[in-house]
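Working notes, beginning with the structure itself.
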Amino acid sequence: MAEANVSHNQADYLALLRRMLLIRRSEERLSALCREGKFPGAVHLYIGQEASGVGACSVIEDRDWITSTHRGHGHFLAKGGELKRMYAEIWGKREGICKGMGGSMHVADFSKGILGANGIVGGGFAIATGAAFGAKLRGDGRVAMCFFGDGAANQGTFMESMNVSSAWQLPTIFLCENNGVSEFTISSTVTGGKLVDRAKAFMPTVIVDGNDVLAVQAAVREAVERARTGGGPSYVETTTYRIQGHLEAEDAFLGGGTYRSAEEISAWQQANRDPILRFQAFLTGEGIADAADLAAVEQSVLEEVEEAVAFAEAGEDADPELAFSLMFENQEA
Amino acid sequence: MAEANVSHNQADYLALLRRMLLIRRSEERLSALCREGKFPGAVHLYIGQEASGVGACSVIEDRDWITSTHRGHGHFLAKGGELKRMYAEIWGKREGICKGMGGSMHVADFSKGILGANGIVGGGFAIATGAAFGAKLRGDGRVAMCFFGDGAANQGTFMESMNVSSAWQLPTIFLCENNGVSEFTISSTVTGGKLVDRAKAFMPTVIVDGNDVLAVQAAVREAVERARTGGGPSYVETTTYRIQGHLEAEDAFLGGGTYRSAEEISAWQQANRDPILRFQAFLTGEGIADAADLAAVEQSVLEEVEEAVAFAEAGEDADPELAFSLMFENQEA
Amino acid sequence: MPRRRYIQAINDALFEEMERNENVIVIGEDVELAIFGDTRGLYDRFGPNRIRNTPICEATMTGMALGATAAGFHVVLHMMFANFVYTGFDAIANQIAKMRLMTGGQIALPITIIAGYGGGGSNAAQHSDSAHPALMNLGGINVAMPSNSADAKGLLKTAIRSNNPSFLLEASARGGQMGDVPDGDHLVPFGKAAIAREGSDVTIVTVGSMVKPSLDAAKALSEEGIEAEVIDLRTVVPIDEAAILASLAKTGRLVVVDESRDRCGAGGYIAAIAADKGFASLKAPVKRVNIPNVAIPFAPIAEAAVLPDANKIAVAVRGIVSKVAA
Amino acid sequence: MPRRRYIQAINDALFEEMERNENVIVIGEDVELAIFGDTRGLYDRFGPNRIRNTPICEATMTGMALGATAAGFHVVLHMMFANFVYTGFDAIANQIAKMRLMTGGQIALPITIIAGYGGGGSNAAQHSDSAHPALMNLGGINVAMPSNSADAKGLLKTAIRSNNPSFLLEASARGGQMGDVPDGDHLVPFGKAAIAREGSDVTIVTVGSMVKPSLDAAKALSEEGIEAEVIDLRTVVPIDEAAILASLAKTGRLVVVDESRDRCGAGGYIAAIAADKGFASLKAPVKRVNIPNVAIPFAPIAEAAVLPDANKIAVAVRGIVSKVAA
Ligand SMILES: Cc1ncc(C[n+]2csc(CCOP(=O)(O)OP(=O)(O)O)c2C)c(N)n1
Ligand SMILES: Cc1ncc(C[n+]2csc(CCOP(=O)(O)OP(=O)(O)O)c2C)c(N)n1
Ligand SMILES: [Mg+2]
Ligand SMILES: [Mg+2]
């Protein structure tokens, strides 16, 4: 496990752990509840990739922006989005962060710089680049971080956005979460060359162990500093793994087919690879936290998850009229 | 001037010269006639870039494909398209290669592998890649060459098509004609990094003097051989210069503004840079041809151009009914 | 007649046409494992040269489909959801729809694009659109929207044998629906509507996903003494104007039901045909039951509020057929 | 009132709004030197932070317009030709048109996209399309189509002050057309049609490039004793239904004239409104004069054959107004 460049106090470390755990436990809960049909629609879970989003978001501020993906719960929570309002959204309730109009694939909180999960693969490239352009024009030092997957890296807007960001030296951070799969396709079978080489044509690049939260933090911190000080865009690739299926209830889609082995999945769940187990071992190994500290974090996370479930379930159904009144500002659709 | 890898006889050399001259003279004629309003619509001329298209097309066969651009007359003629049918097309006549339905920006001759000029910048990337995919599936050794400009290289389909071509090792040749301008924009002001580096992530690359027809020929020959023998795609960048405005009557659009200097243009017209003057000097300098040979080529070209003008002018107006009957095969629109 | 699910019927059509013509190839994201089930099993039978997973790059896939026709292939491109048609729209709108005319008819464009469309699954705005109005407006593309298993199979087979570009839009919510499929080489021609139900009081013109709720509405209305004729267009390009006008001549009343947004949607276009060529037959206003001009909201209650259903259709019909008055 | 060319009026609006609000920025390919003249001079006045040439990458520019609103900018994106709207369609259709609803109304989207549309210049199929039907069908985007200098200025100013995404579609063939423009801060509201000409025999509803030929037709018809009322919609989203219906109530006859293809075009949509809410007023079939379902051919004679003109409009009017019968 990488050591971060700057010193941390225990609280900082435990905050990282807590956010990763919050993602993990809240999504495990979603996985179970999805099977029980407790909420509508599909969910794409981030389990196994928590260190990437949490590490990256730990070094940017509220005023900075992120764009996220269809697998957006983790980014939403990592950037400080409220779990209970996210759950209420997934449940389709009017207390939802998007009043039930968006659902899992569209959780957004603009007040916290979360410009939205996105159902269009690659949809975030241009949005993040536009926000970064805005920051550059304002000269206010804000940065825009675009999360995307290895599958999305085959969308042309990846290159287009890198080009604009590079030509105009925008504070865009291209954060590629390389989990090796796009839906049920092993990405290497549809990918030419190495993703990082695409970015090298435009900007500084780095590949980090995406399951090492401190390594991600360190790499992204450097990119953020570069961006804030006018040094232009960066590409950070986090190598990670998606533990769950592409979406919950994936089996229903696969019709008996397979695209990866149970062994492979289980290898990534081992203590030496799982981002949370690794970080917990690091904390105790380094004497930063003890078992009781970890248990306390776990406990508090579980409580938050339970409260969020209760909040979502107690929520009121979304208001159908909003579909008409919210399309435009001050104008009926 | 580069020496080609293989020996040429005089006829081959003069054929190259003739094709370049045919483009030059036919477009000079278009330029003049355009100002006189002799045909409808706009034309984007290739003058100054002849060595690129002619060199590249000289090493592929009739059965191979090219996709072209809005600046497509040169590619059309270089690949063996008939001047008089191209003119008739530009004049909007039913004898036109596209029966007057397409005009300057859409000259195509599928029977000669010319999959069309294209009014959409970057429109050819995917079409060429699709044709190359077809060739790969058939295993027939055909190649697809995609001509595009430095401006088009900022379209995302460039990366997407390189990715597909690389992942599937398709016989695609990405032929970038880098003339430094996109319309009235100096391309470097909107371009991050070097174009060739984008391609390096996917395939072998080379940059050649695009005003040296033999250098282009040699570079493309290598790429073609690679493609034919299953070696996958290549990127060839020809450095060249657009002598004319983006389109004829550019001044009407510029409203007094400028984006490049008269000196710059004239520098590229000098004997040491102009692709035709250079090649003529090479031929006489090497003793391959004498002044009389060159004059004969010039004469034959001028005659062909005159005949083509006469053909186009004598043509019959396009048949408006075709708009309805040609949209579909065996189905009225 | 075997009973097949809608999605199986599409799968059957692909199998049969790929067997029949070795120039038919299938490409798309995740087609090897079949995201919707419609391409299931093709990989095992036909291998990677006939069916192939592509990278995620809709803008290039649509253009490649055109390019591959130059090598003599009939390309079946699966685009998953209709929303992703927008992602690949440039080559559809600027190349595929125009290329034949622009080249003076030099080429044929044997391209079939498949995409699921429509709401009902809480898939939210970016996975629930119906893209057919935008496609219909392009002019150079045929658009088939089967409502049942037999048509799904027959229309897809027709599309694949055609030398013209066509879309086969799958009603996303209908994939599991069972239906009889005629034995043998079942082809359904483009541009021939089906009379899904006969009736004399009002005509309901509909297509694809909306045929079922239209039939449900007709059934309910029948109990009230209103006999609706339900016309299933099957293809919206070409469109069977004669069938619409013939039914209208019989009933004098028209409700158009379609799962696309209202403004410049398919419903308005059909209503316009009636208001022009069918004017003499019209005894009442032409009503449209379709999607209001909004994005599809996520929450089921809100989504249901914007999607057409049997009840909304029946209400529209009752509004123009007053048995008391008649 | 100063007389200004249509394209100058647009230029004036940009100048005034950029002066008025420093958050207004203009981006697009070749906007610094002004491909159509509408952005001329802005660079010298406002410099590279307020107006900027972009690379050629429509798919990203449209998404960037949305992203830049997060930083508080009102983005004016110039897309040159309506055909290139297709190239950047993904972010328009999947993001801009839906983002406000999907986020539960968290954001405003002050985005104005300018594009020239329409034929008449032998620009061929890839530079002559009218993209408004596809935009109108999205639901979340306003669409203004000025027919004259005053409206061009006033509608664009309204668009730029709006917090909602809008398109300002320039009639490509009308750029040089002169017109009076009111002095001062001239704003034209969205959704308010203009009665371009009063008449009692027939209503011609039209917009943008087609207002002029409609007026020409009305003039010719007047000499035959047919008085046509010409309604210039000015915006097609929102659309002034009340104005259409009021005129129809007066005349009882309707011809819709629009420069978009027929199938799912704007004309059909307007005809459908008439066939529904205006049915009681209708004395004759509703006629549409628009573009047939074809790509725009290059040759002038063929292009003219597919574009609406005063003569075709007059023919359509005569077909439903028989003075003899009246
Ligand atoms: C434009 C578009 N095309 C296709 C899809 C369907 N789709 C959803 S997720 C996905 C794979 C994305 O892979 P990647 O970017 O690696 O993200 P991951 O799922 O691995 O997190 C695909 C193809 C989509 N949502 N949008
Ligand atoms: C999709 C699209 N966007 C914009 C344009 C307008 N346009 C035509 S040519 C051109 C510049 C192209 O530059 P480049 O690719 O370098 O080719 P060159 O003109 O230099 O040959 C532009 C922006 C277009 N035709 N298509
Ligand atoms: Mg992935
Ligand atoms: Mg160039």
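In the text below, chain A, chain B and the rest are named by the order of the sequence lines, each starting its count at 1. Model, not experiment: these values are computed from the prediction.
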Who among [options] has the most heavy-atom pairs with chain B under 4.5 Å?
options: C:Gly140, C:Ser162, C:Gly105; value: C:Gly140
options: C:Gln95, C:Met64, C:Met61; value: C:Met64
options: C:Ala68, C:Ala97, C:Pro48; value: C:Ala68
options: C:Asn94, C:Leu66, C:Asn142, C:Asn163; value: C:Asn142

Residue selection (most heavy-atom pairs with chain C, distance under 4.5 Å) from [options]:
options: B:Ala108, B:Gly103, B:Gly96, B:Gly100; result: B:Ala108
options: B:Glu160, B:Glu332, B:His106, B:Arg142; result: B:Glu160
options: B:Leu137, B:Leu322, B:Thr157; result: B:Leu137
options: B:Ala323, B:Gly116, B:Ala135, B:Ala167; result: B:Ala323
options: B:Arg94, B:Gln155, B:Met101, B:Lys136; result: B:Met101

Over 60° means perpendicular and under 30° means parallel, so tell me whether [X] and [Y] are parallel, tilted or perpendicular.
X: C:Tyr117; Y: C:His132; answer: perpendicular
X: B:Tyr46; Y: B:His75; answer: perpendicular
X: C:Phe81; Y: C:His127; answer: perpendicular
X: B:Tyr87; Y: B:Trp91; answer: tilted

Between [Y] and [X], do the side chains contain a donor N or O and an acceptor N or O under 3.5 Å apart?
X: B:Glu183; Y: B:His44; value: no
X: B:Ser165; Y: B:Thr172; value: yes
X: B:Asn118; Y: B:Thr69; value: no
X: B:His73; Y: B:Glu27; value: yes
X: C:His74; Y: C:Thr112; value: yes

Identify which part of [X] has an atom lying under 4.5 Å from any heavy atom of chain C, answering side chain, backbone, both or neither.
X: B:Phe133; result: side chain
X: B:Gln331; result: side chain
X: B:Asp140; result: neither
X: B:Ala128; result: neither
X: B:Leu115; result: both

Heavy-atom cut-off 4.5 Å, strictly under: side chain, backbone, both or neither for [X] against chain B?
X: C:Ala59; result: both
X: C:Thr62; result: neither
X: C:Arg52; result: side chain
X: C:Ile25; result: side chain

Where C:Leu109 and C:Arg100 come nearest, the two heavy atoms and their spacing: CD1-N, 4.1 Å
For a ring pair (Phe, Tyr, Trp, His ring centres under 6.0 Å) check, start with the C-alpha distance between B:Phe174 and B:Tyr235, then their side-chain angles and the critical distance, and finish with the verdict. CA-CA 5 Å; B:Phe174 292 90; B:Tyr235 171 89; 7.7 Å; no
